[in-house]
Enquirer: 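The structure is given below, and queries will be raised subsequently.
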Number of protein chains: 2
Amino acid sequence: MGTTQLEAAPEPKYWHLKTVISEALDTDFAVGEILPNERELAARFGVARATLRQALEQLELEGRLQRRRGVGTTVAPPRVGVDVSTTQHAWPGAGEESWQAVDSAADTTPAAVLRLLDAKPGETVHAVRRLRVTDGTPVAAELLYVPAGSVPGLDPAAAPEGPARARAVLRELRQLALDGQDRSVELGSARADDAKELDRLPGSPVLVVTTRYLSGGRTAAVSVATYRADTCRLTFGDSGDLAMAS
Amino acid sequence: MGTTQLEAAPEPKYWHLKTVISEALDTDFAVGEILPNERELAARFGVARATLRQALEQLELEGRLQRRRGVGTTVAPPRVGVDVSTTQHAWPGAGEESWQAVDSAADTTPAAVLRLLDAKPGETVHAVRRLRVTDGTPVAAELLYVPAGSVPGLDPAAAPEGPARARAVLRELRQLALDGQDRSVELGSARADDAKELDRLPGSPVLVVTTRYLSGGRTAAVSVATYRADTCRLTFGDSGDLAMAS
DNA sequence: GAGTGGTCTAGACCACTCC
DNA sequence: GAGTGGTCTAGACCACTCT
């Protein structure tokens with residue numbers, strides 16, 4: 001026999017594995033069910049554990065699985081639709097019950113944020129930490145940066161940090177006229193602090209939503225919100241029940 | 001000496017590596033510059049290649065690096081801001097020069113898309129493939145699903161597939177009154193066909209933008225657009241020059 | 001303490017690009 | 001053919017959770 005080329009499509013093992021497991025999830029498992037552990041799965045499929053893990057990682061990235069150290073791998077529920085549409089000229093903290101102010105500090109403002117803010121050099125920037133919770137589970141961690149110039153009425157005698165201060169900053173911000181806002185979404189990996197708030201490991205994939213609040217011809221505030229990419233689907237329209245399609 | 005616990009923070013090696021390399025990218029490298037190869041980097045940092053790769057993978061996920069098999073690892077330019085705001089009541093293909101219709105076929109429609117479409121069971125669904133190109137490089141691959149009922153005027157004698165057919169479907173679609181649309185963004189991994197169009201490996205992370213076009217009280221079309229997550233930043237406002245902040 | 005997923009190693013071979 | 005990143009292996013140990 002000659003050099004018969006039957007193996008024309010050398011599909012990676014982990015890719016094929018992913019497909020097989022994905023189909024098994026559809027037919028043989030219910031949401032929340034625990035899969036066999038990695039060592040057993042690897043043995044069952046006849047691959048090294050690292051290869052098996054590569055397949056599981058992809059499925060977790062696609063929101064099909066959920067893995068927790070010390071616990072196990074479970075079948076994830078469908079992603080939650082989280083509304084991030086610009087609620088017509090609304091400052092953060094105005095009637096939105098899903099966000100809760102957690103803290104405020106004179107944090108070190110990232111250079112990338114400073115570039116977006118129309119802040120004078122050396123101007124102090126308030127950093128308000130907020131957490132977005134739906135159905136009791138945190139879905140997003142936000143850092144809202146507000147230059148001191150945007151909240152001139154802020155009581156200097158107020159607490160220098162903590163939740164009370166955070167609410168004070170938000171209250172002052174609402175005094176301004178909101179001219180508009182623009183928003184961008186990109187992929188990122190969770191910083192250590194965000195990961196902790198979201199109950200994830202540092203470096204896990206997140207959707208970073210950056211919002212710029214415009215008032216009086218300047219950028220009055222910048223929000224950097226970090227959404228769990230595994231469990232969230234960001235929605236922009238009026239109907240929040242779009243299903244995933246990848 | 002007792003059990004002095006100086007190693008209080010057992011930060012993973014790859015995480016620390018990532019930080020070190022990230023800082024080196026800021027100071028010692030220019031955009032487009034080629035990094036030393038993985039084997040040399042691993043040796044230089046005194047870690048196994050797999051560990052080094054874990055750090056590089058994260059940096060690629062964050063859009064800092066670009067890796068191409070057979071070529072090398074280069075410093076990535078800042079992410080491109082891609083406008084995905086709902087251009088006020090516009091059907092796809094109306095005056096948007098960034099999209100080009102590539103193909104049309106009676107593709108197998110995914111179950112998830114069928115659930116979104118108000119299509120009769122068994123109704124044929126046209127699948128139009130389009131490619132979004134900015135600055136000569138493809139940034140997104142789209143599959144636009146149009147039930148036959150949405151384009152009643154489509155010439156039955158037209159070509160059953162190919163670019164000509166794609167343009168015909170888009171032309172017919174524009175005859176309808178567009179009542180509204182809603183949109184969602186989520187993380188996914190590139191299918192083999194999308195990956196090929198986007199010049200990426202299958203499984204690479206993508207931002208999946210699902211758009212539902214509403215007309216006459218029904219879902220007239222559904223678009224599933226796959227954006228390269230490494231190079232793209234999706235923007236929704238009017239100013240497209242937001243910088244990343246993660 | 002038992003069991004889970006997370007990290008890490010030191011190797012090997014393969015697929016691809018470019019010369 | 002030389003050099004690159006991509007895949008895969010078979011182990012080891014660590015961090016965490018639950019009981």
Side-chain angles (χ1 to χ4, degrees), chain A residues 5 7-19 21 33-61 64-76 189-190 192 195-196 199-205 230, chain B residues 5 7-19 21 33-61 64-76 189-190 192 195-196 199-205 230:
Chain A
Q5 193 86 357
E7 289 288 332
E11 190 179 54
K13 265 188 195 175
Y14 77 90
W15 186 261
H16 183 238
L17 252 185
K18 188 191 116 176
T19 311
I21 297 176
E33 200 169 338
I34 303 182
L35 266 64
N37 71 55
E38 297 184 348
R39 289 161 180 86
E40 172 164 350
L41 280 178
R44 190 179 299 185
F45 288 112
V47 298
R49 192 177 153 220
T51 306
L52 185 270
R53 277 180 61 80
Q54 211 173 343
L56 295 187
E57 259 151 41
Q58 285 241 5
L59 288 169
E60 193 180 27
L61 199 80
R64 305 286 315 271
L65 291 179
Q66 202 156 346
R67 299 193 288 172
R68 269 176 305 167
R69 168 154 53 176
V71 179
T73 303
T74 57
V75 181
S189 53
K196 197 176 172 187
D199 190 29
R200 300 252 61 201
L201 287 178
S204 39
D230 54 344
Chain B
Q5 193 85 359
E7 288 288 333
E11 191 178 51
K13 265 188 196 176
Y14 77 91
W15 186 261
H16 182 237
L17 253 185
K18 188 191 115 178
T19 311
I21 297 175
E33 200 168 339
I34 303 182
L35 266 63
N37 71 55
E38 297 184 348
R39 289 161 180 87
E40 172 165 350
L41 280 178
R44 189 179 300 186
F45 288 111
V47 298
R49 191 176 155 221
T51 306
L52 185 269
R53 277 180 62 80
Q54 211 171 341
L56 295 187
E57 260 152 40
Q58 284 243 4
L59 288 169
E60 192 180 26
L61 199 79
R64 305 287 314 271
L65 291 179
Q66 202 156 347
R67 299 192 287 172
R68 269 177 306 167
R69 170 154 51 176
V71 180
T73 302
T74 57
V75 181
S189 52
K196 196 176 174 188
D199 191 29
R200 299 254 61 201
L201 287 176
S204 40
D230 55 343

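Convention: sequence-line order gives letters A, B, ...; per-chain numbering from 1. As a basis for the values below, the full set of heavy atoms in this structure was taken, side chains included, without hydrogen atoms, waters or symmetry mates.
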Enquirer: Tabulate protein N/O versus nucleotide N/O from nucleotides 13-17 of chain D, keeping only pairs under 3.5 Å, one per line.
Expert:
| unit_1 | atom_1 | unit_2 | atom_2 | d |
| --- | --- | --- | --- | --- |
| D:dA15 | O4' | A:Arg69 | NH1 | 3.4 |

Enquirer: Ignoring the backbone of A:Tyr14, work out which of D:dT4, C:dC8, D:dT7 is nearest its side chain.
Expert: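 Minimum distance to the A:Tyr14 side chain belongs to D:dT7.
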Enquirer: Return the pairing partner of C:dA10 with a 3.5 Å limit on both distances, Watson-Crick or G-U wobble; otherwise return none.
Expert: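 Per the H-bond distance test, D:dT9.
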Enquirer: Ignoring hydrogens, what is the shortest heavy-atom contact between A:Ala55 and A:Lys18? Give both atom names and the distance.
Expert: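 Answer, listing the atom of A:Ala55 first, then A:Lys18: CB-N, 3.9 Å.
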Enquirer: Are there over 12 heavy-atom neighbours, none belonging to A:Asn37, within less than 6.0 Å of that residue's CG?
Expert: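 Atom CG in A:Asn37 is packed in, count exceeds 12.
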Enquirer: Across all strands shown, which nucleotide pairs with C:dG1 by Watson-Crick or G-U wobble geometry, both distances under 3.5 Å?
Expert: D:dC18
Enquirer: Does anything in residues 50-57 of chain B come within less than 4.0 Å of DNA chain C? Heavy atoms only, and list the residues if so.
Expert: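 Heavy-atom contacts with DNA chain C come from B:Ala50, B:Thr51, B:Gln54.
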Enquirer: Let me confirm one number: the CH2-OG1 distance from B:Trp15 to B:Thr51, rounded to the nearest 0.5 Å.
Expert: 15.5 Å
Enquirer: For DNA chain C, whose closest nucleotide is more 5', that of A:Gly72 or that of A:Pro202?
Expert: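 Looking at DNA chain C, the more 5' nearest nucleotide goes with A:Gly72.
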Enquirer: Just to verify, which of A:Thr74, A:Thr73, A:Val75 counts as forming a side-chain contact (heavy atoms from CB on, under 4.5 Å) with A:Ile34?
Expert: A:Thr74
Enquirer: To check you understand the geometry: which heavy-atom pair defines the closest contact between A:Ala42 and A:Leu52, and what is its length?
Expert: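 Looking at all heavy atoms of both residues, the closest pair is N-CG, 3.9 Å.
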Enquirer: Relative to the 5' end of DNA chain D, which residue comes earlier, B:Leu201 or A:Val47, by the nucleotide with the nearest heavy atom?
Expert: B:Leu201
Enquirer: Counting heavy atoms not belonging to B:Arg68, are there more than 12 under 6.0 Å from its CZ?
Expert: no
Enquirer: Locate the shortest heavy-atom distance separating A:Ala190 from A:Leu201; write the atom from each residue and the value.
Expert: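 Looking at all heavy atoms of both residues, the shortest contact is CB-O, 4.4 Å.
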